[in-house]
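What follows is a short report on a single structure.
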Amino acid sequence: MIITKVNHLRGEITVPGDKSISHRSIMLGAISKGTTVTRNFLQGADCLSSIECFRRLGVSIENDTANNIVTIYGLGLHGLKAPDAVLDTGNSGTTTRLISGILAAQNFESILNGDASIQKRPMKRIIEPLGQMGAHIESMNKNGCAPLHIYGSRLHGMNYTSPVASAQVKSAILLAGLYADSKTQVTEPALSRNHSELMLGAFGAHVVSAGKTVTIEPAKELYACDVYVPGDISSAAYFIAAGLMTPDSEICIKNVGINPTRDGIIRVCRQMGADLTLENIHETAGEPVADIIVKTSTLNGTVIGGDIIPALIDEIPVIAVMACFASGTTIIKDAQELKVKESNRIDVMVSNLKAMGADIEATDDGMIIHGGRTLHGADIESHLDHRIAMSFAVAGSLCEGETNIRGGQCVNISYPSFYEDFRQLAR
Ligand code: S3P
């Protein structure tokens, strides 16, 4: 994908549906009684992996791709069927980890596997806590990664203090907790996204959140509930950043989810001096939504760390790009989780931004960026990580010269029409 300099960004755009919420609607729809209709479903490859896995588990799912409406004919909590083949989770950490919590409690065995990236991502973080509940999950390569062999077991409730602030870990445990013989409690070091808690409640589960602790009661059944998926703030983040940094720009991103466990990007942009406003704030199905308006702004460096990190974990690559174009120094800390995403996002951001001429160094838990240098187009290695590709499309659009993003089509994981939408704003 070749990116060249953009003169201005103007107009209105709607980004596709939220990836996390789209996944969860398939999973909860599949294990509830009745028919769930999900609107504004994200047709990204990751969410399609979730659909394919549940089809293999016997769930009938219709996907009207023209209208982004998915209909899930739920089989109830105990209705899934043994799969006749390996469940392919593709590139999706969310599919792999969340489905493991469900499969751990079934009365059949299953095998999960995914692409080269998934086979490197840490699964001990779910194998261990689910094991404490009585689950039996084996990493078939004995390296703590997929492929995973899951033997269904009877599960017990537990109190778990998680060493990582991870919604995928928390959600796997909560889903397993639906099937346990007593209540299950998870405490995180910092609050991660709470979409599972909100949606489980809407489907009839008894879930209570108090600070960084969430408790779920075993369920007899969940009941189908239609889901409207708001626009994905993680996808909006690229246009927020681009709109702030491109001269002579003003854009409105409509209908974006601004759940407080996801809105770190908004808080950081404001901290950096952004002209960013929220309009038309309302709620759809328990999730807060707004239109986000950004105008060309002068940005200053900032310090990002602590409890805000899980609320912007997927936006750190594009924040690193913003920091290069801001004046002064930006320090990103407490973000060691970046090393175990679809790629090692600390190393990959640092080496690619250096190739563009940035003054950036990696630290153990983040990066230090001295802004204000003029960047130039460069050859970028995406490592097939969608968020790396989109971050460098933004960076490249601000630079003289050509930026060539290798493997740039990997944006189809979370935002298939990303380049077209970007082009439309640049017209
Ligand atoms: C996700 C949680 C986050 C995030 C990922 C989606 C989810 O991962 O990075 O893109 O849908 O639960 P962790 O919970 O592992 O940090």
Side-chain angles (χ1 to χ4, degrees), residues 19-21 23-25 27-28 31-32 50 77 92-106 112 121-137 144 148 150 152-220 222 259-262 264 286-287 306-314 334-337 340-341:
K19 181 156 78 72
S20 295
I21 299 174
H23 278 298
R24 285 159 173 78
S25 74
M27 301 196 185
L28 295 193
I31 59 169
S32 63
S50 280
L77 212 49
S92 175
T94 307
T95 309
T96 311
R97 296 202 177 101
L98 270 61
I99 207 174
S100 295
I102 296 173
L103 294 174
Q106 305 302 313
L112 288 181
R121 298 188 64 189
M123 294 297 153
K124 277 199 190 123
R125 53 179 58 200
I126 54 155
I127 295 175
E128 280 176 8
L130 292 173
Q132 286 180 34
M133 297 177 79
H136 181 186
I137 304 178
L148 300 179
I150 305 182
S153 324
R154 283 188 186 282
L155 302 184
H156 315 294
M158 68 164 173
N159 281 352
Y160 186 68
T161 302
S162 178
V164 280
S166 161
Q168 295 182 358
V169 170
K170 173 175 65 178
S171 302
I173 297 168
L174 293 176
L175 289 167
L178 289 170
Y179 294 91
D181 56 9
S182 61
K183 75 174 185 204
T184 299
Q185 207 167 64
V186 189
T187 301
E188 306 185 90
L191 185 60
S192 66
R193 63 193 67 192
N194 66 356
H195 306 299
S196 295
E197 295 89 307
L198 294 177
M199 204 185 284
L200 278 161
F203 277 72
H206 294 281
V207 210
V208 178
S209 296
K212 295 170 186 168
T213 298
V214 45
T215 308
I216 190 161
E217 302 284 342
K220 286 205 175 63
L222 298 184
N259 180 313
T261 62
R262 294 286 298 284
E287 291 279 354
D307 282 1
I308 199 173
I309 293 295
L312 48 66
I313 189 70
D314 292 339
D334 306 319
Q336 53 282 354
E337 276 295 297
V340 293
K341 294 296 177 186

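All values reported here derive from a predicted model rather than from experimental measurement. If you read the sequence from its start, that first residue is 1, and numbering goes on from there.
- At least one donor-acceptor pair under 3.5 Å links the side chain of Ser192 to the backbone N or O of Ala167.
- Of the charged side-chain nitrogens involved, at least one lies within less than 4.0 Å of a carboxylate oxygen, so that Glu337 and Arg125 count as a salt-bridged pair.
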>> Assess the residue pair Tyr179 and Ile31 against the criterion (side-chain contact (heavy atoms from CB on, under 4.5 Å)); give the C-alpha distance rounded to whole Å, side-chain angles, the decisive distance to 0.1 Å, and a yes or no.
In response: CA-CA 11 Å; Tyr179 294 91; Ile31 59 169; 3.7 Å; yes

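- For the residue pair Ser162 and Val169, the shortest heavy atom distance occurs at OG-CG1, 4.1 Å.
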>> Test side-chain contact (heavy atoms from CB on, under 4.5 Å) on Arg154 and Asp181; report intermediate values, then the result.
In response: CA-CA 8 Å; Arg154 283 188 186 282; Asp181 56 9; over 6 Å; no

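- Residues Thr184 and Tyr160 are not in side-chain contact: their nearest non-hydrogen atoms beyond the backbone lie 4.5 Å or more apart.
- Lys220 approaches Leu77 most closely through the heavy-atom pair O-CD2, 3.7 Å.
- Atoms CD and CE, on Glu128 and Met123 in that order, are 13.5 Å from each other to the nearest 0.5 Å.
- Between His195 and Met199, every side-chain heavy-atom pair lies at or beyond the 4.5 Å cut-off.
- Nearest heavy-atom pair across Ile127 and Ile137 is CG2-O, 3.6 Å.
- In this structure, Arg97 contributes its side chain and Gly93 its backbone to no donor-acceptor pair below 3.5 Å.
- Considering only heavy atoms from C-beta on, Leu178 comes within 4.5 Å of Leu200 through its side chain.
- Atom CD1 of Ile102 is separated from atom OG of Ser171 by 10.0 Å, given to the nearest 0.5 angstrom.
- A distance-only check finds no donor-acceptor pair linking the side chain of Ser153 to the backbone of Leu155 [under 3.5 Å].
- To the nearest 0.5 Å, the span separating OG on Ser196 from CD on Gln168 amounts to 9.5 Å.
- Electrostatic pairing of Asp307 and Lys212 counts as a salt bridge here, judged by a charged N lying under 4.0 Å from a carboxylate O.
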> So Ser100 and Leu148, side-chain contact (heavy atoms from CB on, under 4.5 Å) or not? Walk me through it.
Replying inline: CA-CA 9 Å; Ser100 295; Leu148 300 179; 3.9 Å; yes

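- Contact annotation: the side chain of Ile313 approaches that of Lys341 to within less than 4.5 Å [non-hydrogen atoms, C-beta and beyond].
- Interatomic distance, Gln336 CD to Asp334 CG, rounded to the nearest 0.5 Å: 6.5 Å.
- Screening Ile216, Asn159, Thr215 for a side-chain contact (heavy atoms from CB on, under 4.5 Å) involving Lys183 leaves a single residue, Thr215.
- With a 4.5 Å cut-off on side-chain heavy atoms, Arg193 and Asp314 count as touching.
- The main-chain N or O of Leu191 is never found under 3.5 Å from a side-chain atom of Lys170 such that the two would form a donor-acceptor pair.
- His206 NE2: 12 or fewer foreign heavy atoms inside a 6.0 Å radius.
- Closest approach of Leu175 and Leu98 over heavy atoms only: CD1-O, 3.5 Å.
- Considering OG1 of Thr261 and CG of Asn194, their distance stands at 4.0 Å, rounded to 0.5 Å.
- The two residues Gly286 and Leu198 have their closest heavy-atom pair at O-CD1, 3.8 Å.
- Closest of all the heavy-atom pairs between Pro310 and Ala165 is CG-CB, 3.8 Å.
- The shortest distance between side-chain heavy atoms of Arg24 and Thr94 falls below 4.5 Å.
- Counting heavy atoms from C-beta on, the side chains of Ile173 and Met158 come closer than 4.5 Å.
- Defined by atom type and a distance below 3.5 Å, a donor-acceptor pair is present between the side-chain atoms of Ser50 and Thr95.
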> How far apart are the C-alpha atoms of Val340 and Arg121, what are their side-chain angles, what is the distance that settles it, and do they pass the side-chain contact (heavy atoms from CB on, under 4.5 Å) test?
Replying inline: CA-CA 6 Å; Val340 293; Arg121 298 188 64 189; 5.7 Å; no

